[in-house]
Amino acid sequence: QGAPQQQQQQQQQQQAAASPDKAAAAADAAVPTAAAQNGPLVPPAAPAAPAQSAAADLAAAAAAAGVSPAVLDGVSGVALLEGWSRMAAVELGLGTAMHSQVPRGMMALPVLEACMRSALPQPSDSDWNKPKPRHPIVGPASYPKTQPDVISAPGLFRKMDPEALFFAFYYQPDTYQQYLAAQELKRQSWRYHKHHNAWFQRYAEPTVTSEEYEQGTYVYFDYNIMHDDLQTGWCYRRKENFTFRYDALEDELPVQAV
């Protein structure tokens, strides 16, 4: 009885040891069958973009940025467009996480250098202080091309009446003539109010004075040719009980004695 029991136990152990091998073999055999029925288990690789498409993207990106395509040698057009769009999203506040997704292979330094070179100062930028006519015309050869020196002479502005000085101040901005007109107006006891953009002069001594303001009757020059309510300007007006705050007083321009 003992011998048959031992043989039966050995047979059971051998069957248990052989069962994993059979299961693995059955699974291996099932893989080709499923692949044959349902197609390959690994998805096919995406086809590579044609070289002409990448070159077209690069040329379009360079043209949009005003950059020569020679500066962007070695940069993929797709990567360049993607990187610029993501950096623009960061600048517009659409998310800082997109900044970390910019392709590292993109050569941003040549792009920045090209943009810097396109924004370099030009010799014509130094002509900002020269008056430019709004409607230039071609005049006769006998007509003077430059202003006479007497236009910039301080002595000429001392001979002008106040209305001529107001015209030079309001209609010749950012010029030396405006500076001379303002200097002469201050010498004639006119004071410029920065908030109202108008020149004021005391009509009488102020009735109230303090460290911050003075109050009284003033005369000011209305520089508006025509108001919104069709009221004509460019005249002198009187303002009573007007509070002139000293922080609104323009006091940077010194008054030179004659």
Side-chain angles (χ1 to χ4, degrees), residues 119-258:
L120 287 176
Q122 302 297 325
S124 59
D125 296 339
S126 60
D127 298 338
W128 63 270
N129 57 346
K130 297 181 180 179
K132 297 180 181 180
R134 297 182 179 179
H135 306 286
I137 60 174
V138 179
S142 59
Y143 194 83
K145 300 298 187 296
T146 58
Q147 294 181 351
D149 296 337
V150 69
I151 298 298
S152 301
L156 175 64
F157 285 81
R158 297 192 186 101
K159 300 177 181 179
M160 293 182 179
D161 57 4
E163 292 192 16
L165 296 175
F166 290 135
F167 177 83
F169 178 83
Y170 287 110
Y171 287 93
Q172 294 183 351
D174 301 327
T175 62
Y176 183 57
Q177 287 76 20
Q178 185 189 40
Y179 167 79
L180 293 177
Q183 195 174 52
E184 179 61 23
L185 286 171
K186 294 190 71 172
R187 194 184 67 83
Q188 298 181 12
S189 300
W190 288 91
R191 296 295 179 262
Y192 186 71
H193 198 289
K194 294 186 292 185
H195 296 171
H196 294 285
N197 297 328
W199 289 89
F200 282 74
Q201 192 180 57
R202 287 178 178 175
Y203 184 78
E205 291 296 324
T207 56
V208 179
T209 58
S210 66
E211 296 181 356
E212 298 180 355
Y213 66 92
E214 63 183 39
Q215 187 175 5
T217 304
Y218 294 84
V219 174
Y220 71 95
F221 185 78
D222 184 2
Y223 64 92
N224 296 284
I225 301 298
M226 183 73 68
H227 292 272
D228 296 336
D229 57 355
L230 301 181
Q231 183 181 4
T232 57
W234 200 256
C235 61
Y236 298 97
R237 300 184 185 277
R238 188 169 64 178
K239 191 76 171 179
E240 298 181 356
N241 296 325
F242 178 74
T243 302
F244 200 124
R245 298 189 59 86
Y246 295 143
D247 56 0
L249 175 64
E250 190 281 322
D251 58 353
E252 299 178 359
L253 182 66
V255 179
Q256 296 182 359
V258 182

Closest heavy-atom pair, I151 versus L156, reported as atoms and distance to 0.1 Å, is CA-CD2, 4.2 Å
Is it the case that more than 12 heavy atoms not belonging to N197 sit under 6.0 Å from its CG atom?
yes
So R238 and T217, do their side chains get closer than 4.5 Å, heavy atoms only?
yes
Mind checking side-chain contact (heavy atoms from CB on, under 4.5 Å) for P173 and listing every partner two or more places apart, or none if nothing turns up?
Q178
Reported CH2-to-OH distance for the pair W199 and Y236, which is rounded to 0.5 angstrom
12.5 Å
Applying salt bridge (charged side-chain N to carboxylate O under 4.0 Å, His left out) as the test, list every pair that has at least one member in residues 213-222; sequence neighbours left out.
R202-E214, D222-R237
Within 6.0 Å of OH in Y213, more than 12 heavy atoms from elsewhere:
no
Those residues at least two apart in sequence (or on a different chain) that pass side-chain contact (heavy atoms from CB on, under 4.5 Å) with E250 are K186, Y192, K194, E252, L253
Tell me, yes or no, whether the heavy-atom count around Y203 atom OH, taken from other residues, nucleotides or ligands under 6.0 Å, exceeds 12.
no
Give me the atom names and distance for the closest heavy-atom approach of N241 to Q215.
O-NE2, 3.7 Å
Which pair of heavy atoms, one from Y246 and one from S210, lies closest together, and at what distance?
CE1-O, 3.2 Å
Using 0.5 Å steps for rounding, measure from the CG atom of D161 to the CZ atom of F167.
12.0 Å
Check whether any side-chain heavy atom of P154 sits under 4.5 Å from a side-chain heavy atom of Y179, and report yes or no.
no
Charged tip of R191 within 45° of F244 ring normal and under 6.0 Å:
no
Determine whether F221 and E163 make a side-chain contact, defined as any pair of heavy atoms from C-beta on separated by less than 4.5 Å.
yes
If you look at every heavy atom in Q201 and S189, which pair is closest and at what distance?
CG-O, 3.4 Å
Of all heavy-atom pairs between E184 and L165, which one has the smallest distance, and what is that distance?
CG-CD1, 3.5 Å
For W190, which of F166, Y220, Y218 qualifies under ring pair (Phe, Tyr, Trp, His ring centres under 6.0 Å)?
F166
Mind checking whether F200 and H193 have parallel, tilted or perpendicular rings, split at 30° and 60°?
tilted
Can you measure from CZ (R158) to CG (L180) and round to the nearest 0.5 angstrom?
9.0 Å
Would you compute the distance between atom OG1 of T175 and atom CZ of F169 and round it to the nearest 0.5 angstrom?
10.0 Å
